[in-house]
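To start, the structure under review is shown below, and the notes come after it.
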Amino acid sequence: MTYILENRFRLRGWKNRLGGLYDSEAGKVFFIDKERYLLLMKCDGAHDIDPESLTEKQRKALDDAVKEGVIREAKFLEFLSPVQEYKSYPAAYKHSVHWSITGACNLKCRHCFMSAPHAKHGAPTHEQIIKIADSIAECGIFDVGITGGEPLIRDDFLDIVSALSDRGIKISTLYTNGWLVDEKLLDELEKRGQRPAFQFSHDGVGTHDFLRGVPGAEERTINAIKLVKAHGLPVSVSICVHRNNADKLRETVNMLAELGVSSIKAGSMMELGEWAEPEVEALHLTKQEELEIFEKYIPQYFEDNAPISIMLSGAFIYSPGDEEWHIFYRRECDSEQEKTSPSCGVLKENFYIGADGMVAPCMGMCDCEYASNFPNLLSTPLYEIISPDSDFDKLCRTTVAEVRDKSGKCRDCKFIDRCTGGCRNGAIAHSNNYYAPDEDNCFFFENGWEERLTAAVRPAFEEYIKRCPPKKREGAGKKETEITPDNCP
């Protein structure tokens, strides 16, 4: 009997992970053990597979693959298409890349950490853009987040979308200020097979225009959110909290929830780019002030029946219906786990390409002093930069143990049992040392904010859970919960 992979699946491998099965519809790669993978490679319509000759484990793997819709019985003279055949890439596996296609912007944001109002990082030519797209495809990266500056100001934006689509690369998220979002854009994305999530910024009801530096920016953003939602695309929002909009946080969150925004990230900015300029110094919040704002707001969030998934810096994270809220700063890691646990789980399989070609572990690192240490793909092939055990790859795979050992401070800290050193972006922003502890984490634990937030939040959360009890999702073994209209007022 012959079997064949369903059309959506591709056999793929990378220098550090050989057995990957790429689901082109879901945009995900699944890694399989060697024995099962070799079995899948025979599911090409040409190899005859006799179930009786298989081991018990192989027979189960074959049956499971059929049940899960990965393979099916092949028709007469039906063979695997060339695009599905095994292909290996000359780089380490990376799930996605965050790519600034321009360093320029049409707004004049007072807090831009990459100084886009002055196009500090320039913009690649169209020819360079195509070469970068080729490099991304050459490394077997199928998922890209497009950002800027403001990406939509490029005259060749739709050509860039076409180039990515032609290379089988999905635009998972489009980061934009919303000013240039219209029906035509959304239709053209659809024509090219792209239905990205959109991430906008909204910096407070009535205060957004002030921070963005252009009158009418808030109205444009709200209209863009409504339009994108009308097209059935997901929308998330980031909020920069500062002195002039801190009292608008509750109103802003509720307004965005009513618009159908799925999630919000809020927090104060690091002193980089425009936010480091003296004229905005009066807007800055200290860490103490930021946490006091959150301490006041989080109970209000639960009083409002947790209208939206939210992350407040590293101090608080919650999605409606979850059985518990979490402190992102807190991440327990013992002496054995720290040897293999990544300091940042995101950096392990994601990275950033800047408008000037710089390749960095994280976008927030693009304008700090440490950025001079990062490679540039305009002079070094991307597959070399992200090759396994390259200097860049080692940075991305920095373990908790490395941070604790190299920082010095962490090993002697009494909070070592609940802190992994924090964000690498925060570390270099504060100290220009990639392996330093993140001072925001230090401040949080050293000043008793774990206990203080818990005391403030717990009563409101418990009342919320009584009103809106979590409902288990369908599916065995799933821990996620959800709020439904019939169990929450």
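Index from 1, following the sequence.
In this structure, F30 and V70 have side chains that are not in contact, with every pair of non-hydrogen atoms separated by 4.5 Å or more. Counting heavy atoms from C-beta outward, E85 and L11 have side chains that stay 4.5 Å or more apart. You'll find the side chain of C43 reaches within 4.5 Å of the side chain of I49, heavy atoms only.
Rounded to the nearest 0.5 Å, atoms CZ (R418) and CZ (R331) are 15.5 Å apart. The OH atom of Y3 sits 4.5 Å away from the CG atom of L62 when rounded to the nearest 0.5 Å. To the nearest 0.5 Å, atom NZ of residue K348 and atom CZ of residue R397 are 8.5 Å apart.
With sequence neighbours left out, the side-chain hydrogen bond (donor to acceptor under 3.5 Å, both in side chains) criterion links N254 to D304. Scanning for salt bridge (Lys or Arg N to Asp or Glu O under 4.0 Å) contacts around E332 gives R330, with sequence neighbours left out. Partners of T147 under the side-chain contact (heavy atoms from CB on, under 4.5 Å) rule, at least two apart in sequence or in another chain, are H98, S100, Y175, M363. Applying the side-chain contact (heavy atoms from CB on, under 4.5 Å) criterion to D63, with sequence neighbours excluded, gives no partner residue. Partners of D440 by salt bridge (Lys or Arg N to Asp or Glu O under 4.0 Å), not counting sequence neighbours, listed by chain and number: K287. In this structure, the side-chain contact (heavy atoms from CB on, under 4.5 Å) partners of F31, at least two apart in sequence or on a different chain, are W14, R17, V29, Y93. Scanning for salt bridge (Lys or Arg N to Asp or Glu O under 4.0 Å) contacts around E138 gives an empty result, with sequence neighbours left out.
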For residues 420-428, which side-chain N or O atoms pair as donor and acceptor with protein atoms under 3.5 Å away, sequence neighbours left out?
{"from": "R424", "atom 1": "NE", "to": "S343", "atom 2": "OG", "distance (Å)": "3.2"}
{"from": "R424", "atom 1": "NH1", "to": "Y434", "atom 2": "O", "distance (Å)": "2.5"}
{"from": "R424", "atom 1": "NH1", "to": "A436", "atom 2": "O", "distance (Å)": "2.7"}
{"from": "R424", "atom 1": "NH2", "to": "G421", "atom 2": "O", "distance (Å)": "2.9"}
{"from": "R424", "atom 1": "NH2", "to": "G422", "atom 2": "O", "distance (Å)": "3.3"}
{"from": "R424", "atom 1": "NH2", "to": "A436", "atom 2": "O", "distance (Å)": "3.2"}

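Evaluation of the side-chain hydrogen bond (donor to acceptor under 3.5 Å, both in side chains) test over residues 69-82, restricted to residues two or more places apart or in two chains, returns E6-R72, R72-E78, S81-Q84. Within the structure, every pair that satisfies the side-chain hydrogen bond (donor to acceptor under 3.5 Å, both in side chains) test and touches residues 18-32, not counting sequence neighbours, is listed here: R8-D23. The side-chain hydrogen bond (donor to acceptor under 3.5 Å, both in side chains) contacts involving residues 37-46 comprise D44-H47, where partners must be two or more places apart or lie in separate chains. The side-chain hydrogen bond (donor to acceptor under 3.5 Å, both in side chains) contacts involving residues 376-388 comprise nothing, where partners must be two or more places apart or lie in separate chains.
Shown are L174, L233, V261; of these, the side chain to side chain contact (heavy atoms under 4.5 Å, CB included) with V228 is made only by L233. Applying side chain to side chain donor-acceptor pair (under 3.5 Å) to S162 and the options K191, R192, E188, R167 leaves one that passes, R192.
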_Worked verdict on E150 versus T176 for side-chain hydrogen bond (donor to acceptor under 3.5 Å, both in side chains)_ = CA-CA 6 Å; E150 171 51 48; T176 171; 2.9 Å; yes
*Please report the C-alpha distance between H121 and D367 in whole Å, then the side-chain angles of each, then the deciding distance to 0.1 Å, and finally whether the side-chain hydrogen bond (donor to acceptor under 3.5 Å, both in side chains) criterion is met.*
CA-CA 9 Å; H121 296 277; D367 206 49; 3.1 Å; yes
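Annotation for A65 and L40: closest pair CB-CD2, 4.4 Å, computed over non-hydrogen atoms. The two residues H95 and G27 come nearest to each other via the heavy atoms CE1-O, 3.8 Å.
Ring geometry for Y464 against F461 counts as tilted: the plane angle lies between 30° and 60°, on a 0 to 90° scale.
Not one N or O on the side chain of S313 forms a donor-acceptor pair closer than 3.5 Å with the backbone of A315. In this structure, the side chain of E323 does not engage the main chain of I465 through any donor-acceptor pair within 3.5 Å.
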